[in-house]
Protein chains: 2
Amino acid sequence: MGEIELVLKKHQIRPTAIRLLMYRFLTEKNVAVTLNDIEAGFDKSERTTLYRTIKTFEKKGLVHQIDDGTGVAKYALDENTLKVGDSQDLHLHFHCTKCNETTCLTDHKIPHISLPKGFVSKDMNLVIKGICDKCSNT
Amino acid sequence: MGEIELVLKKHQIRPTAIRLLMYRFLTEKNVAVTLNDIEAGFDKSERTTLYRTIKTFEKKGLVHQIDDGTGVAKYALDENTLKVGDSQDLHLHFHCTKCNETTCLTDHKIPHISLPKGFVSKDMNLVIKGICDKCSNT
DNA sequence: GAAAAACATGCAACTAAAGTGCATAATTAA
DNA sequence: TTAATTATGCACTTTAGTTGCATGTTTTTC
């Protein structure tokens with residue numbers, strides 16, 4: 001049994017052909033991808049299936065959705081996919097307005113922020129927009 | 001001439017009837033509103049016109065768009081609308097997952113974050129999700 | 001103050017992404 | 001091996017965002 005198969009099983013995801021392929025696709029990319037990116041990476045298979053597959057991955061805690069302000073949902077593999085459960089690593093995301101790529105800056109944790117009385121924080125999303133390293137070196 | 005009319009003129013926005021109404025509508029709300037919210041607040045007038053009006057407000061620096069992760073764009077008046085120009089107040093936003101309201105926490109500035117070499121920050125968006133004060137007191 | 005230019009509005013239509021319903025196929029459990 | 005569950009493919013719907021164009025209104029210019 002392949003390694004990817006094991007990862008999926010650990011997350012209680014049935015390792016079908018498409019799912020294995022999508023997982024590999026995600027590991028090969030080091031930036032967040034849209035559903036369109038995924039679709040473009042697979043000659044075969046339906047948009048709906050890919051949509052439901054990525055949603056399954058999300059539900060099972062294999063990927064997280066990123067909202068970088070472009071209006072299109074992006075997805076990226078969770079850092080520690082071997083660990084199951086709410087890892088809740090609140091890293092920040094960088095969106096390059098030049099190349100439109102969004103990167104997980106997993107080493108950069110979001111600093112603690114004190115909220116007004118009565119507000120309870122459960123989750124947070126921090127996106128920094130600007131020019132990425134690749135684009136600024138051009 | 002009314003006060004709102006003056007505010008609009010200061011931002012080089014022609015004070016038409018709809019614009020005056022929308023500005024007042026925005027001041028009355030203390031949470032961010034979607035285009036649908038705006039539409040619901042006006043019996044008359046076209047969705048397109050309201051859309052273009054809010055976009056004009058945004059372009060002229062009267063409102064800012066907020067991306068709270070719900071997938072729908074929300075808008076809120078800038079804090080200091082009497083001042084013209086790039087105020088760029090990077091406050092954070094709180095999105096309540098219970099009542100679905102998004103509030104500007106204008107007093108809470110986003111802390112400075114150091115980025116990896118080569119990354120240049122131009123703008124940032126921080127949304128904290130959780131339960132707001134109104135919903136937690138219920 | 002009239003004509004021209006610039007801008008605002010309303011209507012229709014289009015686009016893109018997200019999501020649902022349902023039939024069929026495949027996989028797992030009994 | 002049959003029943004139950006889950007996955008996939010296709011068509012279709014929904015919703016938000018956006019654009020084109022004709023008409024209406026305001027501002028500018030002479």
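Numbered from 1 within each chain, the chains take letters A, B, ... in sequence-line order.
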Quiz item: Which nucleotide sits closest to the side chain of A73(B): dG17(D), dA7(D), dA17(C)?
Solution: dG17(D)
Quiz item: Given that T48(B) and T56(A) both sit by DNA chain D, which one's nearest nucleotide is further toward the 5' end?
Solution: T56(A)
Quiz item: Nearest-Å distance, CG (L21(A)) to P (dA7(D))?
Solution: 16 Å
Quiz item: Between dT27(C) atom P and E5(A) atom CD, what is the distance in whole Å?
Solution: 11 Å
Quiz item: Can you tell me if the side-chain N/O atoms of T49(A) get under 4.0 Å from OP1 or OP2 in dG9(D)?
Solution: yes
Quiz prompt | Option from K74(B), K134(B), K29(B), H95(B) for which side chain to side chain donor-acceptor pair (under 3.5 Å) with E101(B) holds | solution = K134(B)
Exercise. Would you kindly give the CZ-to-C1' distance between R47(B) and dA8(C), to the nearest whole Å?
Key: 19 Å
Self-check item: is_close_aromatic(H91(A), H93(A)), centroid dist under 6.0 Å
Solution: yes
Quiz prompt | Whole-Å gap separating P (dT19(D)) and CG (L35(B)) | solution = 14 Å
Exercise. Under 4.0 Å between any heavy atoms, over every strand shown, what does T16(B) touch: base, sugar-phosphate, or nothing? Just pick one.
Key: sugar-phosphate
Quiz item: To the nearest Å, how far apart are L50(B) CG and dG10(C) C1'?
Solution: 11 Å
Quiz item: How close or far is atom P of dT27(C) from atom CD of Q12(A), stated in whole angstroms?
Solution: 19 Å
Quiz item: Of the nucleotides dT26(D), dT6(D), dA18(C), which one has an atom closest to the side chain of R14(A)?
Solution: dT6(D)
Exercise. Would you mind classifying the nucleic acid contact of T34(A) as base, sugar-phosphate or nothing, using non-hydrogen atoms under 4.0 angstrom?
Key: nothing
Exercise. Nearest whole angstrom, please: distance from the P of dT26(D) to the NZ of K9(B).
Key: 12 Å
Practice problem: Ignoring backbone atoms, test whether N36(B) places a side-chain nitrogen or oxygen under 4.0 Å from the OP1 or OP2 oxygen of dA16(D). | Solution: yes
Self-check item: Short side-chain N/O contact from Y51(A) to OP1 or OP2 of dA17(C), under 4.0 Å
Solution: no
Exercise. Answer yes or no: is there a side-chain heavy-atom contact under 4.5 Å between P116(A) and D133(B)?
Key: no
Quiz item: Quick one: does H108(B)'s side chain have a donor or acceptor within less than 3.5 Å of a partner on S114(A)'s backbone?
Solution: yes
Quiz item: What does S45(B) touch in the nucleic acid at a heavy-atom separation under 4.0 angstrom: a base, only the sugar-phosphate, or nothing?
Solution: sugar-phosphate
Quiz item: Does one hydrophobic cluster hold both I54(A) and I18(A), with members joined at side-chain heavy-atom distances below 4.5 Å?
Solution: yes
Self-check item: Per V72(A) side chain, nearest of listed nucleotides dG10(C), dA11(D), dA18(C)
Solution: dA18(C)
Quiz item: Given atom CD1 of I54(A) and atom P of dA17(C), what is their separation to the nearest angstrom?
Solution: 15 Å
Quiz item: So what does R52(A) hit on the nucleic acid, given a heavy-atom distance under 4.0 Å: a base, only sugar-phosphate, or nothing?
Solution: base
Quiz item: Nearest of dC11(C), dA17(C), dA7(D) to any side-chain atom of R19(A)?
Solution: dA7(D)
